[in-house]
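These notes concern the structure reproduced below.
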Protein chains: 2
Amino acid sequence: MEGRSAEISKAAFLRFPVYLRYLKAEEAAGVEYVSSSEIAEDMHLSAVCVRKDLALVASEPGKPRLGFAVKKLICDLERTLGYHRKTHACVVGAGRLGRAFLVYEGFEHYGIDVVAAFDISPAQVGALSGKPIYPMERLKEIAEREEVRLGILTVPGDAAQAACDAMVEAGITAILSFAPAYVRVPEGVTLRCEDLAASLASLISEAEENN
Amino acid sequence: MEGRSAEISKAAFLRFPVYLRYLKAEEAAGVEYVSSSEIAEDMHLSAVCVRKDLALVASEPGKPRLGFAVKKLICDLERTLGYHRKTHACVVGAGRLGRAFLVYEGFEHYGIDVVAAFDISPAQVGALSGKPIYPMERLKEIAEREEVRLGILTVPGDAAQAACDAMVEAGITAILSFAPAYVRVPEGVTLRCEDLAASLASLISEAEENN
DNA sequence: CTCGAATCGATATTTTTTTATCGATTTCTA
DNA sequence: TAGAAATCGATAAAAAAATATCGATTCGAG
């Protein structure tokens, strides 16, 4: 789209948010310049890897002996990651996890606005911290009206496929699923599954290897 | 540790939980045998990749013309992923997200037992669905008593480092952090950061590329 | 003002991961 | 019972990613 994006490797793209976090911590500590080697040491990466990654995003080259300007780098990373554009999102499944997402304020900095939640149970319908919770029947109507393109799926496993189908039907093109189930989506819809339990389990394996 | 584990590539290990999900769905649908090519097509992977992955975990070779026995494969995957052993976990930060983890029942199948939550605010102390919520001061005492090795960090960003330090001090060796902050851990402690907002944002980028 | 130390960025190499090719095996059908 | 179809598993090739090496640049100390 912007010419350069295709050149950024998938693995590097996953590291960008981590750099961003790190840099914001440095900025808060009053640091103005930071070098690849410093970042590498703190983040347990190779210095060359960091330099290559930063070269992909930095709008101006790093200065020898000094490194990169922290503030500038933060802007570049946020732009590359697309945090400047606004996207409307909704939560499907207003259980504990879904409600946590609905009211979480951290999404704003990432250009994401969670506008509503939906649930099949009338008991959940209402509002939370000013965010509305609608019955599932109104998903399509509201998603279209609010131009919701992103959906967060937090329903029980056995309801996942049906809920997912409803989201697709409502015009949602990107779905982040926390439902413990295998779901299918048609071509043109991007699905990512975050299996929190599996993620935890793999973390244990990793920790055991590290001893 | 078990001789073979070192040969399993990191990328493959990340695919295993997805296979497991898929296979369980197939099992539920009454399927007995499944071939690499079928899995590949459904999961949008290459058939060769699937075969190589399955060869890493399968205790018995697949049968030509039939494929792999679904039930057997599920067992093999669960064993490889370590879902058979029990690990005690705790939640640090009993906000909405933390409480969702505390009562989530899906961890059991993965060998994880969330035994308690901790929070700095006395208002949160109590219990939820039979799971106790203790004040932070008791973290070390209880973590040691219950042999908690895994911690789920769900505190606000500005409290993350302090909470993390307390977890390390309490003998926790693996930490899954959802706190929106960059935290440091000493050598020997495994940290994984799940940035939900960043994950969502990257999903948007991915979806836009797919158009 | 000059020298030295430390960083950057580019090129090259190694390692890892994914994909392709091919013969062997086995089940199903005729 | 015999042949065809489709899968497996192993070896080989290609692609991707991480790591190493080296000259060029520039800030800061003397």
Side-chain angles (χ1 to χ4, degrees), chain A residues 4-19 22-23 26 31-74 76-77 80 202 205-206 209, chain B residues 4-19 22-23 26 31-74 76-77 80 202 205-206 209:
Chain A
R4 286 273 283 276
S5 39
E7 303 164 21
I8 296 178
S9 89
K10 205 175 159 187
F13 205 83
L14 292 173
R15 283 191 294 270
F16 289 166
V18 193
Y19 291 128
Y22 173 85
L23 291 170
E26 292 294 293
V31 177
E32 282 193 40
Y33 282 87
V34 67
S35 73
S36 307
S37 10
E38 279 179 76
I39 298 178
E41 191 169 346
D42 285 341
M43 289 177 56
H44 305 285
L45 290 170
S46 104
V48 180
C49 181
V50 174
R51 264 207 296 283
K52 278 195 88 173
D53 287 346
L54 296 189
L56 293 170
V57 299
S59 57
E60 60 186 32
K63 293 182 187 171
R65 184 88 192 204
L66 274 178
F68 293 85
V70 173
K71 281 181 197 296
K72 191 85 182 170
L73 216 43
I74 288 175
D76 292 337
L77 272 169
T80 304
S202 80
S205 302
E206 197 179 319
E209 276 172 33
Chain B
R4 285 272 282 275
S5 39
E7 303 164 23
I8 296 178
S9 89
K10 206 173 159 188
F13 205 83
L14 291 173
R15 283 191 295 269
F16 289 166
V18 192
Y19 291 128
Y22 173 84
L23 291 170
E26 291 295 292
V31 177
E32 282 192 40
Y33 282 87
V34 66
S35 73
S36 307
S37 10
E38 279 180 76
I39 298 178
E41 190 170 347
D42 285 341
M43 289 178 54
H44 303 104
L45 291 169
S46 103
V48 181
C49 181
V50 174
R51 265 207 295 283
K52 279 197 88 173
D53 286 345
L54 296 189
L56 292 170
V57 298
S59 57
E60 58 186 33
K63 293 181 188 172
R65 184 84 195 209
L66 274 177
F68 294 85
V70 173
K71 281 182 197 295
K72 190 87 184 169
L73 214 44
I74 289 175
D76 292 337
L77 272 169
T80 304
S202 79
S205 301
E206 198 180 319
E209 276 172 33

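We use all heavy atoms of the structure for the numbers below, so side chains are in, but hydrogens, waters and symmetry mates are not. Just so it is clear: chains get the letters A, B, ... in the order the sequence lines come, proteins before strands, and each one is counted from 1.
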B:C49 and B:R15: side-chain contact (heavy atoms from CB on, under 4.5 Å), yes or no, with the steps?
CA-CA 10 Å; B:C49 181; B:R15 283 191 295 269; 3.6 Å; yes
Test A:I8 against A:F16 for side-chain contact (heavy atoms from CB on, under 4.5 Å), laying out the working first.
CA-CA 11 Å; A:I8 296 178; A:F16 289 166; 3.8 Å; yes
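Counting non-hydrogen atoms under 4.0 angstrom, A:F68 reaches the backbone sugars and phosphates but no base.
Protein atom CD of B:E38 is 14 Å distant from nucleotide atom C1' of D:dC8, rounded to whole Å. We find that OH of A:Y33 is positioned 13 Å from C1' of C:dT7, with the value rounded to whole Å. The nearest whole Å value for the distance from the CD1 atom in A:I8 to the P atom in D:dA18 is 13 Å. One atom, NE2 of A:H44, and another, C1' of D:dT19, lie 18 Å apart when rounded to the nearest Å. Going from atom CG of A:D53 over to atom P of C:dA10 covers 14 Å, rounded to whole Å. Protein atom CE of A:M43 is 15 Å distant from nucleotide atom C1' of D:dA18, rounded to whole Å. As a whole-Å value, the separation of A:L14 CG from D:dA18 C1' is 15 Å. Note: NZ (A:K10) to P (D:dA16) measures 12 Å, nearest angstrom.
Across every non-hydrogen atom of A:Y22 and A:E38, the tightest pair is OH-O, 4.1 Å. Of all non-hydrogen atoms in B:F68 and B:S36, the two that sit nearest each other are CE1-OG, 3.8 Å. In plain terms, the two heavy atoms of A:S202 and B:F13 that are nearest each other are CB-CE2, 4.2 Å.
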Return a single string for nucleotides 19-30 of chain C, one symbol per nucleotide in 5' to 3' order, where B is base contact, S is sugar-phosphate-only contact and - is none, cutoff 4.0 angstrom on heavy atoms.
BB----BSB---
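Of all nucleotides listed (C:dT17, D:dT7, C:dT7), C:dT7 comes nearest to the side chain of A:S35. Of the candidate nucleotides C:dT17, D:dA18, D:dC8, D:dA18 has the atom nearest to the side chain of A:A11.
Remark: B:S36 is in phosphate contact with D:dC8, judged by side-chain N or O atoms under 4.0 Å from OP1 or OP2.
For B:K71, the side chain to side chain donor-acceptor pair (under 3.5 Å) partners two or more places apart in sequence, or in a different chain, are B:E27.
A donor-acceptor pair under 3.5 Å is formed between the side chain of B:D76 and the backbone N or O of B:S59.
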